[in-house]
Amino acid sequence: MVEIALIGGSGVIPENFVKKKEVFPDTPYGKPSDPIDIGEIAGVEVAFLYRHGRNHQHPPTSVPYKANMYALKSLGVKYAISVCAVGSLQEEARPGDLVIADQVIDFTKRRDLTYFLNDTVHISMPDPCCPYASGVFAKVAKEMGIRYHDKGTYVCIEGPRFSTRAESAMFRSFNGTIIGMTMIPEVNLARELGMCYVSLATVTDYDCWKDEDVTIEMVMKTMSECNSRIQQLLTLGLPRIETGSHCSCIEAAKGCGSLEKFKF
């Protein structure tokens, strides 16, 4: 059983990951995006999943989110840690900064957001990201002396296109901190499965509200430059996560009875 999973987004390369094997489980929702690598980082056993696939074959809308999260849960995962690239909606969140998101606003349009399409299950999610595990990485970031923000609202849009200037201005007026395309429905599904979710977001640009238009080349260049810092953050942070701890993320799923649907 693997209790910690890393979900890698655009430009995330697990250089310090020692692979031992890979699995490609079937789920009631089909196959995950790609085979899941099982291995170690700093002596901690982790599962690594390329969200978009190794060849980036799944754009944000068509990522098999339900299969991905179900597959990770079936491996025993308790903590799902998303490492992703985002745009900034606020001056203080500069390109290269780390934002450990604690809130999300859903502006997606075409996604399957829940496992409960045929059941009435109301699950509590005032704080979508795990405060315990997010706090672990915030402490490590402070020790590393890097620019980081221990809170932030992630505005999730449909994609694959980037925002228009009018949209970017609107999201800024909602007090959005960062903007991306993948936190929804991952964080919803994690909560329904009783998993803790952490978003480690690297700012790659200022969306289009500020200095320049966003391009995928800009995103990949910044992620490449920040990759070593992300590796160090994981190397130092993963061993500090106490997987036996319980928090409101897990209790919310138990409280609404959502876990009764699943047979792992």
Inter-residue atom distance [X].[atom1] - [Y].[atom2], 0.5 Å rounding:
{"X": "Met220", "Y": "Glu225", "atom1": "CE", "atom2": "CD", "result": "12.0 Å"}
{"X": "Asp97", "Y": "Thr204", "atom1": "CG", "atom2": "OG1", "result": "11.5 Å"}
{"X": "Arg111", "Y": "Glu186", "atom1": "CZ", "atom2": "CD", "result": "9.5 Å"}
{"X": "Arg51", "Y": "Leu6", "atom1": "CZ", "atom2": "CG", "result": "11.0 Å"}
{"X": "Leu234", "Y": "Ile81", "atom1": "CG", "atom2": "CD1", "result": "7.0 Å"}
{"X": "Phe24", "Y": "Lys31", "atom1": "CZ", "atom2": "NZ", "result": "5.0 Å"}

Would you say [X]'s side chain and [Y]'s backbone share a donor-acceptor pair under 3.5 angstrom?
{"X": "Glu192", "Y": "Tyr115", "value": "yes"}
{"X": "Arg191", "Y": "Ile123", "value": "no"}
{"X": "Gln90", "Y": "Gly176", "value": "yes"}
{"X": "Asn68", "Y": "Ser33", "value": "yes"}
{"X": "Lys66", "Y": "Asp112", "value": "no"}
{"X": "Ser168", "Y": "Arg165", "value": "no"}
{"X": "Ser62", "Y": "His58", "value": "no"}
{"X": "Gln57", "Y": "Asn55", "value": "yes"}
{"X": "Arg147", "Y": "Pro95", "value": "no"}
{"X": "Asp106", "Y": "Thr108", "value": "yes"}

Requested in this report: Quickly, which of Val44, Ile4, Val198 forms a side-chain contact (heavy atoms from CB on, under 4.5 Å) with Ile241? Name it, please.
Outcome: Ile4
Query raised in the report: Between Ile179, Ile178, Asp213, which is the residue that forms a side-chain contact (heavy atoms from CB on, under 4.5 Å) with Asp207?
Result: Ile179
Looking only at heavy atoms, which two atoms of [X] and [Y] are closest? And how far apart?
{"X": "Pro128", "Y": "Asp102", "result": "CD-O, 3.4 Å"}
{"X": "Ile38", "Y": "Ala47", "result": "CD1-CB, 3.8 Å"}
{"X": "Ile100", "Y": "Ser134", "result": "CG2-CB, 3.7 Å"}
{"X": "His149", "Y": "Ala93", "result": "NE2-CA, 3.7 Å"}
{"X": "Tyr154", "Y": "Met181", "result": "OH-N, 3.1 Å"}
{"X": "Glu143", "Y": "Arg240", "result": "OE1-NH2, 2.7 Å"}

Are any non-hydrogen side-chain atoms of [X] and [Y] less than 4.5 angstrom apart?
{"X": "Ile146", "Y": "Arg229", "answer": "yes"}
{"X": "Tyr70", "Y": "Pro28", "answer": "yes"}
{"X": "Thr114", "Y": "Asn188", "answer": "no"}
{"X": "Ile41", "Y": "Gln231", "answer": "no"}
{"X": "Val23", "Y": "Leu75", "answer": "yes"}
{"X": "Val140", "Y": "Gln232", "answer": "no"}
{"X": "Pro59", "Y": "Glu158", "answer": "no"}
{"X": "Ile7", "Y": "Met69", "answer": "yes"}

Hydrophobic cluster membership, [X] vs [Y], 4.5 Å side-chain cutoff:
{"X": "Met218", "Y": "Ile157", "answer": "no"}
{"X": "Val18", "Y": "Leu49", "answer": "no"}
{"X": "Val155", "Y": "Phe174", "answer": "yes"}

Report task. Take Val214 and Asp205 through the side-chain contact (heavy atoms from CB on, under 4.5 Å) test and state the conclusion after the steps. Result -> CA-CA 7 Å; Val214 186; Asp205 56 84; 3.5 Å; yes
Requested in this report: Determine, step by step, whether Thr153 and Gln103 satisfy the side chain to side chain donor-acceptor pair (under 3.5 Å) criterion, reporting the C-alpha distance in whole Å, the side-chain angles of both residues, the deciding distance to 0.1 Å, and the verdict.
Outcome: CA-CA 5 Å; Thr153 296; Gln103 289 293 326; 5.9 Å; no
Between [Y] and [X], is the closest basic N to carboxylate O distance under 4.0 Å?
{"X": "Lys20", "Y": "Glu45", "result": "no"}
{"X": "Glu217", "Y": "Lys221", "result": "no"}
{"X": "Glu40", "Y": "Lys19", "result": "no"}

Answer yes or no: are there more than 12 heavy-atom neighbours, outside [X] itself, under 6.0 Å from its atom [atom1]?
{"X": "Lys139", "atom1": "NZ", "value": "no"}
{"X": "Glu260", "atom1": "CD", "value": "no"}
{"X": "Arg54", "atom1": "CZ", "value": "yes"}

**Report entry** Face-on cation placement of Arg172 at Trp209 ring, 6.0 Å and 45° thresholds
**Finding:** yes
Report task. Please say whether the positively charged group of Lys73, taken as NZ for Lys or CZ for Arg, lies over the ring of Phe262, i.e. under 6.0 angstrom from the six-membered ring centre and within 45 degrees of the axis. Result -> no
Query - Residue pair Glu22, Phe48: steps toward the side-chain contact (heavy atoms from CB on, under 4.5 Å) verdict - result: CA-CA 9 Å; Glu22 68 178 44; Phe48 185 87; over 6 Å; no
Aromatic ring centroids of [X] and [Y] under 6.0 Å?
{"X": "Phe137", "Y": "Tyr148", "result": "no"}
{"X": "Tyr65", "Y": "Tyr29", "result": "no"}
{"X": "Tyr79", "Y": "Tyr197", "result": "no"}

**Report entry** Pair Glu91-Tyr206, side-chain contact (heavy atoms from CB on, under 4.5 Å): steps then yes or no
**Finding:** CA-CA 8 Å; Glu91 186 78 46; Tyr206 274 118; 3.8 Å; yes
Query raised in the report: Under the side-chain contact (heavy atoms from CB on, under 4.5 Å) criterion, do Lys21 and Asp37 qualify, and how do the steps go?
Result: CA-CA 6 Å; Lys21 63 178 180 179; Asp37 294 335; over 6 Å; no
